[in-house]
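Inspection log for the structure reproduced underneath, given as structure tokens.
Keep in mind that the numbers below use all heavy atoms, side chains included, and drop hydrogens, waters and symmetry copies. One-based numbering along the sequence shown.
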Amino acid sequence: MTAFPRGVEHGGGRVAGRVEGRSRALVLGGGGIAGIAWEIGLLAGLAEHGVDVRAADLIVGTSAGSIVGTLLLRGGDLQELYAVQATPPGPEEPVVEFDALAMMTAFGEVLAGATAEQDARARIGGLALRSSSVPESERRAIIAGRVGDPDWPEGRLVVTAVDTGDGSFHAFDSTSGIPLLDAVAASCAVPTVWPPTTIGGRRFMDGGMRSMTNADLAAGAKKVLVVAPFPGTPGNPMGPDLAGETEVLRRDGEVHVLLADDAALEAFGTNPLAPASRQPAALAGRAQADAVWAEVAAFWS
């Protein structure tokens, strides 16, 4: 049986575990290929202005954010990471047909009658298990192509995922006893698009099925910087929304939220999972950094 770390939600209860004594936390939200590129572009731009957020005491990564968090703590140069994102993708990148309206319609149908947040997530988990997709091994290879197969990095990285069977929420870290690659693959397993990831005999899906940011995992930090392409849905039936998460965080410290601006959202296009969104999203993130770096520097210092 896999041992899971603090920050695991069971039975619909609150997230357990806090980060007292950690002064600064970085939360990286989900957003597909476009989200990865935008976050790296933004963070690379901030670093050029002297604001290097890799010094965070805690990084919480959900879906796209789990990839970015892994790359940040793996020791890669931010400008080199940005250079990769800012170039057109090669033909090896799989093209994903993604219809957001169709997905939301399917979600709405299975969520009808859900009794609680965990029940709602379990219903989406059932949908994920029933949906046809590429083989799990193929998807794992795609994720390995993005982050490699590294050990958990020094510094605390938390990667979020949801159990498709019972809807429980899991926050994997270096104490979990599982490969980082598996945790990231699970966190990026968008239901109906990519297959759930098998870990310890269970199958896990995208951590964004609880929250696009899961920012409340940083509760107890004195300063929390939230970097997220999308804010998520107000009144989210599967977990807390960003407004609720920031309310929790402000009980102990300060919070600064950076969401994609209008230019970035336009750059994402209608399919943030499409490889073609990568370059324009990276450029938009880099441009947004020029507009926000001073306020982030004042907050982060």
**Fill in**
Sequence neighbours excluded, the answer for ring-ring contact (aromatic ring centres under 6.0 Å, His included) partners of Phe98 is none

**Request:** Not counting sequence neighbours, which residues clear ring-ring contact (aromatic ring centres under 6.0 Å, His included) with Phe230? List them please.
**Result:** Phe268

In the structure I gave you, are the side-chain heavy atoms of [X] and [Y] within less than 4.5 Å of one another anywhere?
X: Ile36; Y: Arg278; result: no
X: Pro231; Y: Val257; result: no
X: Ser176; Y: Asp173; result: yes
X: Val27; Y: Leu217; result: no
X: Met103; Y: Val193; result: yes
X: Asn236; Y: Met212; result: no
X: Leu46; Y: Leu78; result: no

**Message:** Going by side chain to side chain contact (heavy atoms under 4.5 Å, CB included), name the residues that satisfy it together with Ala56, two or more places apart in sequence or in a different chain.
**Reply:** Leu26, Ile59, Trp300

**Partner residues of Ala161 under the side chain to side chain contact (heavy atoms under 4.5 Å, CB included) criterion, sequence neighbours left out** = Phe172, Ala186, Phe204

Which value, rounded to the nearest 0.5 Å, describes the distance between [X] atom [atom1] and [Y] atom [atom2]?
X: Ile124; Y: Asp119; atom1: CD1; atom2: CG; value: 10.5 Å
X: Ile33; Y: Gln279; atom1: CD1; atom2: CD; value: 13.5 Å
X: Leu225; Y: Leu28; atom1: CG; atom2: CG; value: 8.5 Å
X: Ile143; Y: Asp182; atom1: CD1; atom2: CG; value: 11.0 Å
X: Arg24; Y: Phe299; atom1: CZ; atom2: CZ; value: 9.5 Å
X: Phe107; Y: Thr192; atom1: CZ; atom2: OG1; value: 5.5 Å

**Prompt:** Heavy-atom count around Asp262 CG within 6.0 Å, excluding the residue itself: above 12?
**Reply:**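 No, because the 6.0 Å sphere around CG of Asp262 holds 12 heavy atoms or fewer from other groups.
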
**Message:** Would you say that more than 12 heavy atoms from the other residues, nucleotides or ligands in this model lie under 6.0 Å from the CD of Glu295, or not?
**Reply:**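 Yes, enclosed.
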
**Item:** Lys/Arg-Asp/Glu bridge criterion (N-O < 4.0 Å) met for Asp163, Arg121
**Value:** no

Non-hydrogen atoms of [X] and [Y] that approach each other most closely:
X: Ala64; Y: Gly35; answer: CB-C, 4.3 Å
X: Asp206; Y: Gly208; answer: OD1-N, 2.6 Å
X: Ala37; Y: Ala281; answer: CB-CB, 4.0 Å
X: Val60; Y: Thr213; answer: CG1-O, 4.2 Å
X: Asp241; Y: Thr233; answer: CB-O, 3.5 Å
X: Leu127; Y: Ala106; answer: CD2-CB, 4.1 Å

With distance as the sole test, does [X] use its side chain to make a donor-acceptor pair with the main-chain N or O of [Y] at under 3.5 Å?
X: Lys223; Y: Ser301; value: yes
X: Trp38; Y: Leu259; value: no
X: Arg123; Y: Val110; value: yes
X: Asn214; Y: Ser211; value: yes
X: Gln79; Y: Ala44; value: yes
X: Arg139; Y: Pro195; value: no
X: Ser187; Y: Ala183; value: no
X: Gln288; Y: Asp261; value: yes

Which donor-acceptor pairs under 3.5 Å do side chains of residues 65-76 form with protein atoms, sequence neighbours excluded?
unit_1 : atom_1 : unit_2 : atom_2 : d
Ser66  : OG     : Ser63  : O      : 2.6
Thr70  : OG1    : Ser66  : O      : 2.8
Arg74  : NH1    : Val147 : O      : 2.3

**Request:** Show your working on side-chain contact (heavy atoms from CB on, under 4.5 Å) between Gln118 and Ser168 and close with a plain yes or no.
**Result:** CA-CA 6 Å; Gln118 185 168 342; Ser168 59; 3.9 Å; yes

**Item:** Stepwise side chain to side chain donor-acceptor pair (under 3.5 Å) test for Asp57 and Ser23
**Value:** CA-CA 7 Å; Asp57 301 290; Ser23 61; 2.8 Å; yes

**Item:** Same apolar cluster: Leu129 and Val134, side chain cutoff 4.5 Å
**Value:**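 Leu129 does not cluster with Val134.
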
**Request:** For salt bridge (Lys or Arg N to Asp or Glu O under 4.0 Å), just list the numbers for Arg210 and Asp216, CA-CA rounded to whole Å, side-chain angles, deciding distance to a tenth of an Å, and then say yes or no.
**Result:** CA-CA 11 Å; Arg210 176 183 182 262; Asp216 53 338; 2.8 Å; yes

Using a 3.5 Å cut-off and no angle test, enumerate the donor-acceptor pairs between side-chain atoms of residues 80-90 and protein atoms at least two apart in sequence or in another chain.
unit_1 : atom_1 : unit_2 : atom_2 : d
Thr87  : OG1    : Val84  : O      : 2.8

